[in-house]
Amino acid sequence: MSTYRDLTHRGSARATVLRTVGTRERRSHLTAPRVPTVGIDIGGTKVMAGVVDADGQILETLRTETPDKSKSPKVVEDTIVELVLDLSDRHDVHAVGIGAAGWVDADRNRVLFAPHLSWRNEPLRDRISGRLAVPVMVDNDANTAAWAEWRFGAGRGEDHLVMITLGTGIGGAILEDGQVKRGKFGVAGEFGHMQVVPGGHRCPCGNRGCWEQYSSGNALVREARELAAADSPVAYGIIERVKGNVPDITGPLITELAREGDAMCVELLQDIGQWLGVGIANLAAALDPSCFVIGGGVSAADDLLIGPARDAFRRHLTGRGYRPEARIARAQLGPEAGMVGAADLARLVARRFRRANRRRVERYERYERYAQARRADDRTAQGTP
């Protein structure tokens with residue numbers, strides 16, 4: 001198979017093309033080719049791939065578990081390539097976008113660190129593009145989810161948007177004037193590791209008191225399990241549901257019981273929501289966006305979580321009562337947001353790839369016309385008909 005590397009300019013020219021994408025996102029998405037692209041969402045437990053059209057509609061999806069073998073870079077890359085090739089059998093794929101759960105460098109080539117995968121300074125874009133015949137774009141999964149919500153979901157029409165993804169931890173992304181703000185080194189948006197309680201709960205990042213230790217799926221489950229393990233009277237409902245097996249307590253179960261009216265589960269979601277509101281107020285003081293979009297698995301609790309978050313946000317907002325308040329909305333695209341956003345961002349690279357490829361073809365055609373003319377002249381000079 002010929003590779004993208006064989007079809008495009010090598011070295012710094014290619015890097016310049018990809019760097020240019022970030023500075024022209026707002027303008028470019030309006031003129032990007034309306035072609036199908038593949039989005040890949042990689043997490044610690046699953047890899048989801050899908051073909052997405054120019055309107056954000058998913059044409060087909062494939063899901064598989066993240067391969068084990070210590071989740072080495074090679075086996076994950078093999079899985080990505082297999083999924084793309086499978087989808088390419090049924091769709092005309094023009095580019096691939098990858099949303100990775102980790103820190104991605106400013107050039108969107110290397111995954112600097114991924115907490116659930118063995119990626120350490122891994123040149124993911126170059127490795128994948130070297131095995132496929134289409135261009136590849138790599139970004140942080142929260143950035144791709146935020147892009148999708150801005151283009152097709154809860155953030156449409158917003159010029160200053162902050163997305164917060166509540167899952168095992170807290171991820172985030174910033175969009176201003178239709179451009180993802182990645183920071184100088186590409187790792188902006190790690191809101192979950194803002195310190196909100198000095199000397200508080202230990203975080204896997206190594207610090208104490210990080211925001212995600214008080215407002216995330218892990219925090220929700222930790223609090224419920226502690227109450228159940230202590231045989232607290234308020235936890236009898238959830239203890240009965242898991243038949244006394246405390247490790248079976250999960251975030252979705254807590255949400256389900258809260259919807260059924262379990263007082264402890266409702267209170268736990270309120271606590272998580274209040275901490276969420278405190279963090280949002282801090283982000284409003286620093287960034288002053290017009291809209292916060294709340295996504296991730298925990299956001300499935302909807303108003304059980306977001307209602308308390310709005311109340312806490314209003315109580316803790318700097319200058320409350322004398323300034324406009326940002327809108328707080330639940331994400332609309334669900335767990336497919338990262339995949340859809342990655343595919344849509346890849347369309348920006350596809351446009352430049354198509355232009356470069358078209359120029360290559362035009363140069364080849366010009367050379368062929370020139371060569372044919374030379375051969376005709378030679379035949380005429382030799383008297384050959």
Side-chain angles (χ1 to χ4, degrees), residues 41 43-46 101 141-142 145-146 148-149 153-155 161-173 191-192 196 201 210-228 232 234-242 246-284 291-316 325-338:
D41 185 13
T45 59
K46 56 90 181 164
D141 58 349
E149 291 291 341
L161 177 149
V162 170
M163 183 159 186
I164 299 166
T165 57
L166 300 178
T168 302
I170 296 179
F191 306 138
V196 296
H201 291 295
C210 291
W211 186 26
E212 70 175 40
Q213 291 304 303
Y214 299 88
S215 184
S216 67
N218 270 357
L220 180 66
V221 171
R222 181 192 66 226
E223 296 296 314
R225 288 179 178 176
E226 286 180 1
L227 286 168
S232 169
V234 301
Y236 283 173
I238 201 167
I239 292 172
E240 182 179 349
R241 179 65 67 92
V242 298
V246 173
D248 286 347
I249 296 174
T250 63
L253 176 60
I254 296 168
T255 299
E256 179 185 340
L257 289 173
R259 289 198 179 108
E260 294 173 3
D262 183 281
M264 184 198 76
C265 293
V266 170
E267 184 177 334
L268 289 178
L269 283 168
Q270 288 175 340
D271 290 345
I272 296 296
Q274 287 169 5
W275 277 112
L276 175 61
V278 169
I280 291 175
N282 289 339
L283 290 172
C291 176
F292 288 94
V293 175
I294 313 301
V298 183
S299 69
D302 208 359
D303 278 345
L304 289 167
L305 173 84
I306 295 178
R310 290 190 180 108
D311 293 340
F313 170 68
R314 295 187 185 103
R315 288 198 307 272
H316 294 276
E325 291 184 6
R327 181 169 66 94
I328 300 175
R330 182 189 170 193
Q332 294 179 357
L333 302 182
E336 287 82 19

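Because the structure is a prediction, the values reported are computed rather than measured.
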- Query: Does any pair with a residue in residues 271-283 pass side chain to side chain donor-acceptor pair (under 3.5 Å), and if so which ones, sequence neighbours excluded?
  - Reply: none

- Query: Can you list the residues that meet the side-chain contact (heavy atoms from CB on, under 4.5 Å) rule with Glu223, with sequence neighbours excluded?
  - Reply: His201, Glu226, Leu268

- With sequence neighbours left out, write down each residue that passes side-chain contact (heavy atoms from CB on, under 4.5 Å) with Pro335, or none if nothing qualifies. none

- Message: Quick check: closest heavy atoms across Leu257 and Arg241, and the distance to 0.1 Å?
- Response: CD2-NH2, 3.3 Å

- Message: Using the salt bridge (charged side-chain N to carboxylate O under 4.0 Å, His left out) criterion, which residues pair with Asp41? Sequence neighbours excluded.
- Response: Lys46

- Query: How long is the span from the CZ atom in Phe292 to the CG atom in Leu276, to the nearest 0.5 Å?
  - Reply: 9.5 Å

- Scanning both residues in full, the closest heavy-atom pair of Ala326 with Cys291 reads CB-N, 4.1 Å

- Item | Whether Glu212 side chain and Ile170 backbone form a donor-acceptor pair below 3.5 Å | yes

- Item | Leu283 side, atom CG; Phe191 side, atom CZ - distance, nearest 0.5 Å | 5.0 Å

- Task: Measure the spacing between CD1 of Ile238 and CG of Leu253 and express it to the nearest 0.5 Å.
- Result: 4.5 Å

- Message: Once side-chain contact (heavy atoms from CB on, under 4.5 Å) is applied, do any residues pair with Ala301, and if so which ones, sequence neighbours excluded?
- Response: Thr255, Leu269, Leu304, Leu305

- Please report the closest heavy-atom contact between Ile328 and Arg310, naming both atoms and the distance. O-NH2, 2.8 Å

- Residues two or more places apart in sequence or in another chain: which of them pass salt bridge (charged side-chain N to carboxylate O under 4.0 Å, His left out) with Arg330? Asp302

- Message: For Asp303, give me all partners under side-chain hydrogen bond (donor to acceptor under 3.5 Å, both in side chains), at least two apart in sequence or on another chain.
- Response: none

- Do side-chain atoms of Thr165 reach the backbone of Gly295 as a donor and acceptor pair under 3.5 angstrom? no

- Qualifying residues under side-chain hydrogen bond (donor to acceptor under 3.5 Å, both in side chains), relative to Arg327, sequence neighbours excluded: Glu158

- Note on the structure: Heavy-atom nearest pair, Ala142 first then Gly171, reads CB-C, 4.4 Å

- Answer yes or no: is there a donor N or O on one side and an acceptor on the other, between the side chain of Glu149 and the main chain of Val293, under 3.5 Å? no

- Return the set of residues passing salt bridge (charged side-chain N to carboxylate O under 4.0 Å, His left out) with Glu267 (not counting sequence neighbours), or none when no residue passes. none

- For the student: nearest non-hydrogen atoms of Ile254 and Ala224, plus distance: CD1-CB, 3.6 Å

- Query: Just how far is it from atom OG of Ser232 to atom CG of Leu227, taken to the nearest 0.5 Å?
  - Reply: 5.0 Å

- Taking only residues two or more places apart in sequence or in another chain, which ones pass side-chain hydrogen bond (donor to acceptor under 3.5 Å, both in side chains) with Arg314? Glu325

- Query: Of all residues at least two apart in sequence or in a different chain, which pass the side-chain hydrogen bond (donor to acceptor under 3.5 Å, both in side chains) check with Glu336?
  - Reply: Arg63

- Taking only residues two or more places apart in sequence or in another chain, which ones pass side-chain contact (heavy atoms from CB on, under 4.5 Å) with Ala219? Ser216, Arg222, Ile272

- Task: Considering non-hydrogen atoms only, spot the tightest contact between Gly192 and Cys210 and give its length.
- Result: O-CB, 3.4 Å

- Query: Looking at CH2 of Trp211 and CD1 of Ile280, how far apart are the two atoms once the value is rounded to the nearest 0.5 Å?
  - Reply: 5.5 Å

- Message: Rounded at 0.5 Å granularity, tell me how far CZ in Arg259 sits from SG in Cys265.
- Response: 12.0 Å

